[in-house]
*Asks:* 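Below you will find the structure I want to go over with you.
Counting convention: from 1, in listed order, for ligands and their atoms alike.
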Amino acid sequence: MDQENKNQLNDVQSQIFDRISKNDINGFKQLITQLKGSVDFVDNDGMTPLQHACCKGNREAVQILLDMGADINFNKHGADYTPLHFAALSGNTEVCRLVLDAGINPNSLNSVSRTASQMAAFVGNHSCVETINNYVPRTGLEYYTRPQGQHKEPLILPALLDAFHQFVIEINLHPVRIALNLQSLGLVKHLPGLKKALEHMCEKEMKKTNDVNELMAFKFHYLRWIVGEVMRCEEQCKAQRKEKSSEGEGGKHDFIELFIKRVLKENKLGQLDYLEFTLRDCVREFPFRECTVFRRVVSELAAKDPHPALFVFRNAINGHRSFADETCYCSSCGNEKPDKKCSKCKQVKYCDRECQRLHWFMHKKTCARPTSNVTASTSTSAVREPIDTAELQEELAKMATS
Ligand SMILES: [Zn+2]
Ligand SMILES: [Zn+2]
């Protein structure tokens with residue numbers, strides 16, 4: 001390569017770094033097509049474009065670089081930060097997912113012996129911590145898409161591998177979210193195989209010879225339990241309906257609704273809610289009683305005035321949030337930072353209309369009440385469209401009469 005060509009390349013490279021640092025995605029796209037040669041080049045700090053894009057939390061740029069064959073293990077950075085370390089610091093969970101999907105080793109240490117997840121915890125990016133800690137490589141799940149032993153059919157259809165993967169790595173452990181995921185991922189008709197696969201995954205995790213991840217074993221057991229509970233609802237609905245199809249409008253299943261109602265129903269004070277009840281059963285059925293996570297959960301649930309079981313589970317699996325946690329959650333499915341709220345009382349927040357609809361049977365009891373002794377929610381941040389309660393009521397009335 002003669003000097004002129006070399007200078008030109010260096011010029012393109014430095015412009016690429018510049019566009020990434022300015023989050024100028026269009027400029028970046030334009031330049032990257034002019035690039036001749038590998039995308040694994042470095043700036044003066046030894047950082048590649050991929051590391052810079054991860055650092056910026058720029059999902060689109062990261063995707064483009066990975067598609068162009070960026071090597072996730074290429075590392076000339078002085079402090080040994082992998083792209084995942086940078087993604088974890090950026091706070092963007094989608095970027096973390098992209099590099100995890102590309103096969104990065106989440107246990108890689110930087111020069112001060114910290115993993116990416118530890119770095120995320122250090123700066124309070126808790127969703128990134130959860131995304132990384134809950135991650136399971138897709139290839140580890142392929143086993144379940146092949147027939148094993150005497151069986152002719154696999155537990156999970158190969159076409160459902162992606163859905164199965166999404167289901168397993170979900171960080172929101174709320175049973176309503178789990179049930180909604182079963183529906184949206186198209187796993188609803190494959191519950192028995194899914195339950196068996198999760199049971200096997202739990203056992204396999206605990207029987208590993210090294211690097212046993214008790215927390216993941218407990219999570220798989222928990223997911224299996226919820227799938228089992230949804231199956232019980234399915235049985236009950238079937239028994240009531242006999243031959244009618246279970247699938248309603250828009251692929252909604254009556255037993256998913258039944259399960260969600262059970263979970264969201266709050267009993268009068270002093271009566272144990274279904275959710276509390278079933279989660280305690282779930283702990284009782286955990287087969288590995290010697291492990292730390294089991295003992296910890298049991299002792300927390302046995303304490304005087306224990307936290308709700310779901311809270312105990314969440315803390316056990318995802319860890320305590322190490323800073324004052326002011327995050328708000330969807331009143332229905334527990335998703336973080338929902339951006340809609342009930343237009344009437346403005347007290348409860350939801351991801352969307354569907355979440356509001358599912359919660360309405362409980363919320364209607366308190367929604368209309370005067371809220372003089374409750375300070376109206378002052379945080380109006382991130383609320384885009386309030387959901388019109390009157391409109392919803394009308395809609396529900398229509399549904400009830402049709
Ligand atoms: Zn929700
Ligand atoms: Zn309300």
Side-chain angles (χ1 to χ4, degrees), residues 93-94 126-127 130-131 134 163 166-167 169-188 222-223 226 229-230 233 250-253 255-266 273-275 279 308 310-311 313-314 317-318 321 325-400:
T93 53
E94 284 181 72
H126 210 89
S127 311
E130 292 172 0
T131 302
N134 277 277
Q166 296 289 332
F167 180 75
I169 64 176
E170 168 69 56
I171 62 175
N172 180 353
L173 300 172
H174 198 293
V176 170
R177 178 44 51 196
I178 295 172
L180 288 173
N181 284 353
L182 285 173
Q183 190 163 261
S184 65
L185 292 167
L187 293 166
V188 164
Y222 169 67
L223 290 177
I226 298 297
E229 287 298 291
V230 171
C233 289
K252 283 179 193 160
H253 294 262
F255 58 92
I256 295 281
E257 296 259 341
L258 176 65
F259 174 75
I260 290 175
K261 281 226 159 116
R262 267 185 199 169
V263 170
L264 293 177
K265 190 165 172 355
E266 291 163 30
D273 294 332
Y274 161 75
L275 181 59
L279 293 190
L310 184 59
F311 179 88
F313 277 41
R314 203 184 80 177
I317 296 170
N318 282 333
R321 299 206 162 196
D325 183 16
E326 284 174 2
T327 316
C328 58
Y329 300 93
C330 170
S331 295
S332 191
C333 79
N335 262 357
E336 262 189 43
K337 299 174 190 147
D339 59 6
K340 307 227 159 77
K341 61 181 166 187
C342 175
S343 66
K344 203 168 177 186
C345 66
K346 307 211 170 17
Q347 299 291 316
V348 290
K349 296 191 176 181
Y350 300 103
C351 310
D352 51 29
R353 180 173 283 269
E354 178 65 0
C355 279
Q356 186 187 28
R357 184 184 69 77
L358 291 167
H359 191 234
W360 180 245
F361 81 104
M362 282 309 299
H363 180 58
K364 69 179 175 196
K365 297 176 188 168
T366 49
C367 180
R369 273 189 208 155
T371 54
S372 52
N373 54 347
V374 188
T375 38
S377 173
T378 46
S379 79
T380 47
S381 61
V383 176
R384 287 202 292 256
E385 284 164 62
I387 304 176
D388 188 343
T389 311
E391 202 184 304
L392 182 82
Q393 255 169 324
E394 247 170 61
E395 214 170 89
L396 288 170
K398 256 188 254 160
M399 278 170 66

*Asks:* Determine how many protein N/O/S atoms sit closer than 2.8 Å to the Zn ion (ligand 1), leaving waters out since they are not shown.
*Replies:*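 Excluding waters, the total comes to 4.
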*Asks:* For residues Cys355 and Asp352, determine if any side-chain heavy atom of one lies less than 4.5 Å from a side-chain heavy atom of the other.
*Replies:*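 Yes. Closest side-chain heavy atoms under 4.5 Å.
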*Asks:* Please confirm whether Lys261 makes a cation-pi placement over Phe361, using NZ or CZ under 6.0 Å from the six-membered ring centre and within 45° of the ring normal.
*Replies:* yes
*Asks:* With side chain to side chain contact (heavy atoms under 4.5 Å, CB included) as the criterion, how do Glu229 and Phe259 come out once you've worked through the C-alpha distance, each side chain's angles and the decisive distance to 0.1 Å?
*Replies:* CA-CA 8 Å; Glu229 287 298 291; Phe259 174 75; 3.8 Å; yes
*Asks:* Check this for me: does any side-chain nitrogen of one of Glu336 and Lys349 sit under 4.0 Å from a carboxylate oxygen of the other?
*Replies:*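 Lys349 and Glu336: not salt-bridged.
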*Asks:* I need the SG(Cys342)-the Zn ion (ligand 2)-SG(Cys367) angle, rounded to 10 degrees.
*Replies:*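 Output for this angle: 100°, rounded to tens.
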*Asks:* Can you list the steps and then say if Phe167 with Leu223 is a side chain to side chain contact (heavy atoms under 4.5 Å, CB included)?
*Replies:* CA-CA 9 Å; Phe167 180 75; Leu223 290 177; 4.3 Å; yes
*Asks:* Check whether any side-chain heavy atom of Leu358 sits under 4.5 Å from a side-chain heavy atom of Glu257, and report yes or no.
*Replies:* yes
